[in-house]
Amino acid sequence: LAGSDRVGRELASRGQSEKGRRLRADAIGEQQRPRRQTATDRVEPEGRWRLACTSDAHSSIRAAARVMDVDVVEVPGDGLGRLTGERLDDVLRDTPGVFAVVSSAGTTNSGVVDDLAGVADACERHGVWLHVDGAYGGAGLAAPSVRHLFAGIERADSFIVDPHKW
């Protein structure tokens, strides 16, 4: 669903999670994505570590940030409330210590899907981890009528989906 067509076909036909994981890893390798920096690659920021998201991100993101003892940087959404690559680029350029971005594949309150492709571009430019929160709306990946809204999700470093919410 979120990777190559070959991965989706294989998972749907066989339902084997281990094989799916290997196929997903192969598909990512075929795309030759650049390796993201890990915590050990990064220099400790002068201030605090930060993660970035919009104000519409689920409250669990802020709760997780408290547990990790990191700050949350709110990126202003566009007119629809979406996180966009352009606005994220500005924040990442001007804010030291951002190690991760949480983007939404369907917010709980309004169903907004962020500009996932633009956000992925910005994360790649800045070497920042991209997590996509699709717990509420990510099951839309399975619906051909709205699949186009999720363009770029296959470039996420991690994502969550909770299909029972659909």
I'd like to know if the side chain of D71 and the backbone of R50 have a donor-acceptor N/O pair within less than 3.5 Å.
no
Problem set entry | Any T54 side-chain heavy atom under 4.5 Å of V112 side chain | no
Output for pair (L141 CG, L149 CG), nearest 0.5 Å, gives 10.0 Å
Here the gap from D78 atom CG to R87 atom CZ, rounded to the nearest 0.5 Å, amounts to 6.0 Å
V128 and D157 have their tightest heavy-atom pair at O-OD2, 4.1 Å
Does the side chain of E154 come within less than 4.5 Å of L116's, by heavy atoms?
no
message: Please evaluate residues E124 and L130 with respect to the criterion side-chain contact (heavy atoms from CB on, under 4.5 Å), reporting the C-alpha separation (whole Å), side-chain torsions for both, the decisive distance (0.1 Å), and the verdict.
response: CA-CA 9 Å; E124 288 174 5; L130 172 58; over 6 Å; no
Taken in chain and number order and not counting sequence neighbours, the residues that satisfy salt bridge (charged side-chain N to carboxylate O under 4.0 Å, His left out) with D94 are none
Side chain to side chain donor-acceptor pair (under 3.5 Å) filter on R62, not counting sequence neighbours, yields E74
Applying side chain to side chain contact (heavy atoms under 4.5 Å, CB included) to S60 and not counting sequence neighbours gives H58
Do the side chains of S104 and Y136 get nearer than 4.5 Å, heavy atoms only?
no
Output for pair (S103 OG, D115 CG), nearest 0.5 Å, gives 8.0 Å
Answer yes if I160 and I61 sit in the same cluster of Ile, Leu, Val, Met, Phe, Trp and Tyr residues linked by side chain heavy atoms under 4.5 Å apart, and no otherwise.
-> no
Distance col, row C53:SG vs H131:NE2, nearest 0.5 angstrom, shows 11.0 Å
In terms of heavy-atom contacts, V132 and A105 come closest through CG1-CB, 3.6 Å
Scanning both residues in full, the closest heavy-atom pair of A65 with V72 reads CB-CG2, 3.5 Å
Correct closest heavy-atom pair for D56 and G81 would be OD2-O, 3.9 Å
CD1 of I153 to CG of D114, rounded to nearest 0.5 Å, is 10.5 Å
Those residues at least two apart in sequence (or on a different chain) that pass side chain to side chain contact (heavy atoms under 4.5 Å, CB included) with D89 are R93, A122, R125, H126
Applying side chain to side chain donor-acceptor pair (under 3.5 Å) to N109 and not counting sequence neighbours gives none
S110 meets the side chain to side chain donor-acceptor pair (under 3.5 Å) criterion, sequence neighbours left out, with T107
Tightest non-hydrogen contact, residues C123 and L88, listed as SG-CD2, 4.1 Å
Using a 4.5 Å cut-off on heavy atoms from C-beta on, say whether the side chain of V91 contacts that of V73. yes
